[in-house]
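For reference, the structure is listed below as structure tokens.
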Amino acid sequence: GEKRQATIKIGINAPITGDIPKVGEGTKYAAQMWLEGIQAAGGLQVGDKKYPVELVIEDNEAKAESAVKANTKMITEDGVLAIIGPQASKQAIPAGGVANDYQTLMISPWSTNPDTTKNRPYVFRGCFLDPFQGPVVAKFIKGEFGFSKAAVLYDVASDYPKGLAEFFKKAWEEINGPGSVVAYESFTTKDTDFSAQLTKIKDSGAEFLFTPQYYNEVALIVKQAHELGFTQPIVGSDSWGSAETVKLCGPDCYGLFFSTHYAAAGAQGATKEFIDRYQKKYGYVPDDVAALTWDSIRLVAQAIEKTGGLTGDLKKDRQAVRDQMAKIKDFAGITGNMTFTEEGDPIKCAVIVRISDKGEFEFYKQVCP
Amino acid sequence: MQLRVENLHVSYDQIRALHGVSFSIDAGEIVCIIGANGAGKSTTLRAISRLVPADKGAGLRFEGHDLLAFAPDKVVSVLGISHVPEGRRLFGNLSVLENLQLATFARRDPQGIKRDMERVFSIFPRLLERRTQYAATLSGGEQQMLAVGRAYMTGHRMMLLDEPSMGLAPLMMLSMFEALKEINRDGTTILLVEQNARLALKFAQRGYVIENGRIVLEGSSEALLNDPEVKKAYLGG
Amino acid sequence: MAFFMQNVINALQWGSFYALIALGYSMVYSILMLFNFTHGDIFMTGAYIGLGVATALLALVAALGWSLPGWLLLVATIIISMFITSLLGVLVERVGYRPLRSAPRASAAITGLMIGIILEYGNLALLGTQRLSFPELIQTTTYSVGSVYFTNKKIFIVVVALLLMVGLHQFIQKSRWGMAMRAMSYDFPIVPLMGVSLNLIAPLTFAIGSALAAAGGILYGMAYPVLDPFMGILLGWKSFVAAILGGRGSILGAALAGFLLGFIEIFTTMVFPSTFRDLIAYSIILLILTFRPYGFFGQAHSTQLRL
Amino acid sequence: MGGSDLNQPMLKPVLIKRLRDFFAPVPALAWLAGILCAVLIEYQWGDALAVALYLPKVPPLFGATLVLKQPLLFPWAMLFVCLVYGVPIVLIGRLTAGPANRAAAALGRMPVWVSVLLHLLLLYIALHIWTETSDYRLQVAKLIMIAVMLTLSLNVINGYMGEFSCSHPGFMALGAYMASVFSLLLFKADRVFGAPVLPEAWGPYFFPLALAAGGMAAALGALVVAIPSFRTRGDYLAIISLAFMFIVKSAIENIDAIGGPRGLGGQPHWSTLPAVFAGMSLCIWIINNFVRSTLGKALNAVRDNETAAEAMTVNTRRTKMVAFLFGAFWAGVAGGFYAHEVRHVTPGGFGIQNLAEVLAMVYFGGLNSVVGSIVGAVSISFLSEILKPLLLYKWIVIPLILILVMIFRPTGLIAFRDFDPRRIVGPRR
Amino acid sequence: MSLLQVEDMTHFFGGLRAVSGYRLSIAAGEIRGLIGPNGAGKTTIFNLITGIHTPTKGSIRLENRSLIGLRPHQIAARGLGRTFQNMLLWRHMTVLEHVKLAHYAQLKYGLAGAFFGTRLCRAEEERVEENAHRLLETFDVARFAHQNVTQLPYGVQRRVEMARAMATRPKILFLDEPTAGMTPEELVQMIGIIRQIHSEFKVAILLIEHRLKFVMELCQRIQTLVFGEVIAEGTPEEIKNNPQVIEAYLGKEEVA
Ligand SMILES: Nc1ncnc2c1ncn2[C@@H]1O[C@H](COP(=O)(O)OP(=O)(O)OP(=O)(O)O)[C@@H](O)[C@H]1O
Ligand SMILES: Nc1ncnc2c1ncn2[C@@H]1O[C@H](COP(=O)(O)OP(=O)(O)OP(=O)(O)O)[C@@H](O)[C@H]1O
Ligand SMILES: [Mg+2]
Ligand SMILES: [Mg+2]
């Protein structure tokens, strides 16, 4: 039905239920907040026409097959122009396959697995890849503290921490020579007791601990480390970048560093505006998922706008949107400036954040590739 | 009139097993119910113990109480009606002694419990020998002894016995019926269900014959023993 | 040596949670012969109730301007929460298990699983998706002997787990209530003939089991102060492993197996690369059960009815 | 006792009986003809009708997805379903009953498999046309069929043999990985295994082999659970099987050659409708045959009383071995289909959540029942798809439904029922 | 030439000697009885011979081949059929299915046959079904063929169990209290049935029973067991008048 393509539909493939409902919520909220802005402006201006926008939000239950079904449904039934999500690689990789097969633009704001976008011209991502962030952290620590013995603690069953841990290890050993990662310990998703691993880490004589985990685990890891008498610095990655980290962790986390996309405290411009709006609306400081989703959806919007007009033929329009997306240069996102590589991965800068003694995320340093 | 059963209907999954059974027992009597396989003997006892619900319209009174108003456990603990269920149904994961102790769950008379326990052991000395053994590992007959002993321990204003002789050796059976007689003399009413009609009638004072869920005949034991119909159908010619 | 001792302490704490949850599990499980898949989620709910009670108490105390010692508040929290959670247990029994008393056990297990899911998502719907942190009722004090570290909380937790274990064991093995519960697991329809009310024993069992879960939840919240609605799932399943590894119906066995499970997990991490932890830990459990098919204290055929 | 008291419950049965009598002479063949007609109508005029009824599109799942999302459109969707499906199926089914009965009788003179194959073919054609209009439908249908296989295979162990096995996700994972490795290694250029060994075009012909390899791998894994089952059972075996599931997950996580925790992706899209349909039909047919045979009834005897089974010459060890290996095999095959449909598998995807789902399907559908498993898998999958708009509340509603069903039917919706293919394809009256 | 030969069989449960030095030799076609007070070890002897327990000591030979170490189903397939004191029926199976399944060891088709429903499989199923129906007729339970066993009256269940045991084509049939819970009338019927199967199938029978009428009428020879030891063996007449047996088992006054 071409005639009825009067509104622009954008699909959101989010894990509303399942293991990571918080991620789903962030995705949904960011997208809805964006939609409000668009509706206030009377629609999305494409060429000479203003189109109303509709979000099609599908729950992928944090399951691969549901993510695949959701994508198929949104593409073939709902006729979406582009899809935001899924967030976790476990869903983003298979769902990306579907989007690519149907030649529909999909951007996963949060998935760091190379397979998500690899050989898939229609699939993009909104975050930086592990091969970039790993060395960033390694270099920063070397420069800042001059340590040479590192310990890593990560979740082996989860994509993101595992990838990042590997790249960090590689980078660290390139700088400090083989064997300089003296403890490389893992656990499994949903574990809450890390005492055995931390005891091993403490015993290994590591000078610091790198743990690219999510905020809920960070709190437990840091506290347990301190209870076991581990007093060296603990360093993290962008997954620490949630207001919850400090809320759950408390003073134990004060003074620690992590690399991320943006620093909430002392943020400026669009970033600050986003954070304030989000906090006002939903009552808490947005985490990285929300911020990345926000950027991704704006990227999609920009690509749509740049097509200069929609034909009403979904297939053609989808192609046009994807082509415009690939061409985007220096997009000013709240999580940094982005340009896409051949594979659809963004090149962007990272910042190092320090958790202040008041528990705020302070900008410390910027690191660009 | 200690127990009066009137117009008792019972159904299992919509299939009627009892079609209006009525009878009554005086305190201190020994009464037996005889009948063929599947006639509804066990069901009658179960209905008195409230293990199966009676259909509407039934009247069950025990010493002036409306039985239907009592939960199954209260029938035992408050009214003192004990029941030796069909198929023994022991708690195999408890020892012999624990099975007997559990039966006194609701009793508050330590003296009485002690006396009753001694009595059970004197009727069935084998149980005393085997008191620490799991009930499940007892031989068939030993289990039957425990089932009777256990029922006695729960209380004994009235005992409902469902085929207590099953699996007992002849000698054992004799001594058990002797003991039951004695228990009866001490004031326990006994309602006995037996396949072995001759045995039952010899033991009881009165009897009822049940057929297809209905009482078809009643009378004193001698009368029934000499009834030609009963003789033909239930006494093996 | 210090390294080893430290791990022993780690294992004791971690094992005590498995033990605690397995205790409650084993209560309901071995008594009603039901896989009580709800237990993990009751544990979770207990932790949340504990959090609610603790927060309320703290607010009340602050409002009244009293200054009570932390341990008093902790004890009050535990007691109140145990009570509230036991009511939940009774409700679960009433809704999910009683109607299925004579159904195949697996069916009741499935309703349990479903009630668990309702508790999880009910929590999510009620409290939102953010994780909550458990308030610090007592100050953590860290002690060290040489380079072995432990905290006051750890000692408290292990002691409570051991006490409950011994107490419950006595209760089940020696009291007539315990006897009735065991009998019920064997052949419930006949239990009323002993003058025992099923509708008393079953809720009681659930109440005790759930109260234990609440105690476990609060202690857990103290040790791992990040609560989320799904925290009970994995722990629940693993305690299920412990409860049965100990031998069906054996309270002591369940608790010991809980500690053992903790030790296995911690020590495999200690000795092997930690990525192999689950692989090795569960292979050990599989082997144990292959060679001790009825757990540590389980009775094999001896309690099944004679042929 | 008033007369009205008696009448009230009578009213409904009379109506139902009338209806039943009306449709009693309709054989499967006629129903199939009706269904075929309906899907053809939808294929031809569905879009036009949908537009006429204010619907944006042909409702993909009988309009069920609309109830919650756009309730206003739901009546129209119902009307659509009535017009497109209800009327043709009922009319054509009833009208062709006569000739269809004669045809079925004629077929009845040939070997059963001819008739069964013909019915299956017709059913397939209908399904094919039905899924032609919507890829979403197609995908949902395929995943449901995979769920049917999984549920059925679990029912063999949990329902027929009465063990509480928790290892099914593990079996499925083994099958999924083995089949994936097979197809990736031989037929597909990918990151993990490099260039293919055989030309890619040959691939689909070797798919059954890949699936069989997956099934075999799962069956081999099942030995780990089957052997302890000789000496223990019930809860203890449940724990062994649960441990097995954790072991499989952890083992796959530790083998980097097959992607480790990041998973294995890029499988060719071989799980086409005909492939999945054929797989499921074969699975149902074989399992149904087995459980109806005397050899298969040994499973029930082992469940109900093992000692008695032994005393009646039943080799219980062999029986247990067969049940576990056989159940695992089909779970592995289902895993292979799954991997080639979703085209990315991770060890984390085969965990406790899957277990809970498939257990729910088995016990909801009905223990010891082929029909029940089909009903269970279809209805739970379908429910879970259409209730998605409820978001979080979906997971409160579905469990509630399940609890209610369990309370009123403790052994599941349709327990203890296998079917006789002869009866189904045969003529009526 | 004896069919079953048990020599010097002894068994302990923990410290309890349940059976000691038991001997038995049954020839083809004999009907033998085993009586004794409760807990004497009768059921234990059945369990030992049929392989459910392994004797602490002793030898058991069927047609001169040792049964020790064989699994129960192998022993059953060699020709030892039995019933159980507590009736072990399969709760969810119909009467017909019970009897059909007992043909397990005689089935000629294998797994592949069952999976694909081969011609052989179908032929076998038909044969088994026919045979089962015949047995049901013999035991007068044919009208319950499609009923679930649990709902049947006690006596019917007993006969189903016996039909099931006969379906294994035993050379010797072990009956453990076959008339417990039966009316006198049924007892008479049971005597008839046992005579019938005995002559029809040429099966030897060993039975445990407390109903003396039954034992005395059927058995050619009777053993009396007390505390695990045989105290007397002989014809019914001999046993009835043996003072030791009267003292330990029968009692002075005969019951029923
Ligand atoms: N649990 C049950 N479910 C269905 N029907 C039952 C059940 N128990 C008994 N019945 C049926 O109810 C009727 C009466 O059974 P009941 O057990 O009371 O007979 P009985 O006289 O005790 O027989 P028996 O001598 O065999 O013990 C029988 O037809 C029996 O099949
Ligand atoms: N597993 C066991 N542990 C301990 N004692 C046992 C075990 N099994 C059986 N016994 C004992 O062995 C003895 C013999 O039991 P058995 O069942 O053989 O007796 P039986 O002669 O069949 O008696 P009945 O006529 O009462 O059935 C009994 O005293 C019983 O308590
Ligand atoms: Mg009876
Ligand atoms: Mg015996």
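Small disclaimer: the values here were computed from a predicted structure and weren't measured. Letters A, B, ... are given to chains in the order of the sequence lines, protein chains preceding strands, and every chain is numbered from 1.
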Self-check item: Where at least one partner belongs to residues 115-138 of chain E, residue pairs that pass ring-ring contact (aromatic ring centres under 6.0 Å, His included), sequence neighbours excluded
Solution: D/Phe290-E/Phe115, D/Phe326-E/Phe115

Quiz item: Can you tell if the side chain of D/Phe416 reaches within under 4.5 Å of the side chain of E/Asn148, non-hydrogen atoms only?
Solution: no

Quiz item: If you measure from CG on E/Leu101 to CG on D/Leu295, what distance do you get to the nearest 0.5 Å?
Solution: 9.0 Å

Self-check item: Distance in Å, D/Ser293 OG paired with E/Lys100 NZ, rounded so as to fall on 0.5 Å steps
Solution: 9.0 Å

Quiz item: What part of E/Leu89 is in contact with chain D, defined as an atom under 4.5 angstrom from a non-hydrogen atom: side chain, backbone, both or neither?
Solution: backbone

Quiz item: Looking at CG of D/Asp304 and NE2 of E/His98, how far apart are the two atoms once the value is rounded to the nearest 0.5 Å?
Solution: 7.5 Å

Quiz item: Do D/Arg318 and E/Leu111 come close enough that some side-chain heavy atom pair is under 4.5 Å?
Solution: yes

Practice problem: Using the side chain to side chain contact (heavy atoms under 4.5 Å, CB included) rule, take D/Val314 and E/His73 through it: C-alpha gap first, then chi angles, then the decisive distance, then the call. | Solution: CA-CA 6 Å; D/Val314 174; E/His73 75 90; 5.7 Å; no

Quiz prompt | Nearest heavy atoms of D/Glu310 and E/Ala76, plus distance in Å | solution = O-CB, 3.9 Å

Practice problem: May I ask you to check whether E/Glu125 and D/Thr294 show a side-chain donor-acceptor distance below 3.5 Å? | Solution: yes

Practice problem: Look up atom CE in D/Met312 and atom OG1 in E/Thr168, then write down how far apart they are to the nearest 0.5 Å. | Solution: 6.0 Å

Practice problem: Please answer whether the main-chain N or O of D/Asn305 pairs with a side-chain N or O of E/Trp90 as donor and acceptor at a distance below 3.5 Å. | Solution: yes

Exercise. Could you look at E/Arg71 and say if it's the side chain, the backbone, both or neither that has a heavy atom under 4.5 Å from chain D?
Key: both

Exercise. Would you indicate whether D/Arg417, at its atom CZ, is surrounded by more than 12 heavy atoms from other residues, nucleotides or ligands within a distance under 6.0 Å?
Key: no

Exercise. Examine whether an atom of E/Leu107 lies under 4.5 Å from a heavy atom of chain D, and if so say whether it belongs to the side chain, the backbone or both; otherwise answer neither.
Key: side chain

Quiz item: Is it the case that more than 12 heavy atoms not belonging to D/Arg292 sit under 6.0 Å from its CZ atom?
Solution: yes

Exercise. Find the one option among D/Thr313, D/Val112, D/Ile286 whose heavy-atom pairs under 4.5 Å with chain E are most numerous.
Key: D/Thr313

Self-check item: Residues, nucleotides or ligands: over 12 heavy atoms within 6.0 Å of E/Arg91 CZ
Solution: no

Quiz prompt | Per-residue contact mode, D/Arg303 against chain E (heavy atom under 4.5 angstrom) | solution = side chain

Self-check item: Contact winner vs chain D - E/Ala114, E/Cys121, E/Gly117, heavy-atom pairs under 4.5 Å
Solution: E/Ala114

Quiz item: Of all of E/His92, E/Gln74, E/Glu129, which one pairs up most often with chain D through heavy atoms under 4.5 Å apart?
Solution: E/His92

Exercise. Verify the neighbour count for atom CE of D/Met216: are there more than 12 heavy atoms of other residues, nucleotides or ligands below 6.0 Å?
Key: no

